[in-house]
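Quick note: numbers below take in every heavy atom, side chains included, and nothing from hydrogens, waters or symmetry partners. A quick note: this is a predicted structure, and the numbers were derived from the prediction, not measured. Whatever order the structure lists them in is the order used to number ligands and atoms, beginning at 1.
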Amino acid sequence: MKNNYSHKSVLLEEVISGLNLKEDGLYVDCTMGGAGHSLEILKKVNKGHLCCFDQDTDCIEIARKKLSSIGENFTIVKDNFRNIKKRLLELGIEKVDGVLYDLGVSSYQFDTPERGFSYNYDSYLDMRMDQENNLTAYDVVNSYDYDKLCDIFYKYGEEKFSSSIAKNIVRQREIKKIETTFELVEVIKKSIPAAVKRKEGHPAKKIFQAIRIEVNDELKAFEQSLKDSITMLEKGGRIAVISFHSLEDRICKTIFKEKVEVVIPKNVPILDKDIKREFRLVSKKPIIASEVELNLNNRAHSAKLRILEKIKQEV
Ligand SMILES: C[S@@+](CC[C@H](N)C(=O)[O-])C[C@H]1O[C@@H](n2cnc3c(N)ncnc32)[C@H](O)[C@@H]1O
């Protein structure tokens with residue numbers, strides 16, 4: 001494990017103001033990582049409590065140290081956030097005032113070569129956020145059949161050359177197992193036409209994204225967790241989600257939309273102002289990073305923040 005956990009938090013100010021923090025509130029950071037967001041939440045929630053989830057052992061002690069410098073009113077849960085409801089109930093928590101998701105991997109995870117997330121470093125094909133997880137990128141690449149590989153490359157990577165890449169992976173591993181990130185990059189490069197390779201970013205980007213999503217079951221975990229955390233929201237509470245690609249954003253947008261929309265049967269004479277809504281979107285369009293942040297943090301370019309509020313009904 002590296003000593004310095006470097007990760008620049010994305011949309012930090014927007015998240016802090018978007019969560020509308022109360023000093024005595026109960027908040028959950030589902031993706032603690034380097035505790036960048038958690039730290040700022042804790043500073044404002046000095047009489048409340050903060051629960052932080054992360055499935056990666058590497059960040060836990062570093063984050064604990066950082067948070068302890070602010071206060072002791074926090075709990076770190078080393079688990080997948082898909083278990084949010086179960087774990088919070090075990091802690092005696094039934095309702096929360098706010099939840100944050102800052103999805104994906106941290107810069108620390110991405111830039112630690114031996115974690116195997118990056119096509120820029122040569123390393124064993126790992127890509128697990130949770131080091132106790134059984135499935136690794138090596139297993140996906142060397143044991144999934146052609147159809148399953150095509151399917152995940154297409155669904156999770158939106159890769160046009162899914163079929164040719166899957167075919168070449170299957171052919172290559174019959175000669176010798178694909179063990180490292182660079183061996184995989186070579187197979188991908190061979191499967192994409194030269195003209196395309198010259199035009200569009202790194203040729204392995206989409207496939208690495210797809211394998212990472214599969215290894216960590218990222219989309220299903222997020223969908224399940226988001227649905228559960230909405231049910232635990234206190235009136236006036238908010239859920240903030242930072243997503244980094246269209247698949248995550250689509251899940252968030254769809255779930256939030258279902259909560260906000262009120263379906264009125266045809267021919268029922270009711271005015272919009274008379275409809276009692278349970279939830280509202282804090283901003284119609286997703287919040288994106290400012291020019292200043294974009295210049296300072298490359299990761300911020302693809303970040304989108306959506307916030308849902310459970311409306312406090314007037315009595
Ligand atoms: C983008 S980083 C968060 C960075 C953090 N907000 C900060 O400012 O330092 C995402 C973190 O969430 C964790 N993570 C991603 N998916 C998770 C899941 N399903 N359950 C628990 N932790 C998860 C990763 O291990 C990683 O540490």
Quiz item: Any side-chain donor paired with an acceptor under 3.5 Å for Ser107 and Lys8?
Solution: no

Practice problem: Identify which one of Asp97, Leu233, Val282 satisfies the side-chain contact (heavy atoms from CB on, under 4.5 Å) criterion when paired with Arg238. | Solution: Val282

Practice problem: Assess Arg299 for proximity to ligand 1: is some non-hydrogen atom of it under 4.0 Å away? | Solution: yes

Exercise. Work out whether the distance between some heavy atom of Gln109 and some atom of ligand 1 is less than 4.0 Å.
Key: yes

Practice problem: Quick one: pull up OG in Ser17 and NZ in Lys44 and give me the separation to the nearest 0.5 Å. | Solution: 9.0 Å

Quiz item: At a 4.0 Å cut-off, with the gap strictly under it, does some heavy atom of Asp217 reach an atom of ligand 1?
Solution: no

Exercise. Please work out whether the ring planes of Phe81 and Tyr101 are parallel, tilted or perpendicular, with thresholds of 30° and 60°.
Key: perpendicular

Quiz prompt | Those atoms of ligand 1 less than 4.0 Å from some heavy atom in Ser106 | solution = 2 (S)

Self-check item: Option with minimal heavy-atom separation from atom 20 (N) of ligand 1, where the choices are Phe244, Phe53, Phe81
Solution: Phe81

Practice problem: Please verify whether a non-hydrogen atom of Glu218 lies at under 4.0 Å from ligand 1. | Solution: no

Quiz item: Does Lys259 make a cation-pi contact with Phe256, if we ask for NZ or CZ under 6.0 Å from the ring centre and within 45° of the axis?
Solution: no

Practice problem: Just go through Ala63, Gly104, Ser9 and tell me whose heavy atom is the nearest to atom 10 (C) of ligand 1. | Solution: Gly104

Quiz item: Short N/O distance, under 3.5 Å, between Cys59 and ligand 1?
Solution: no

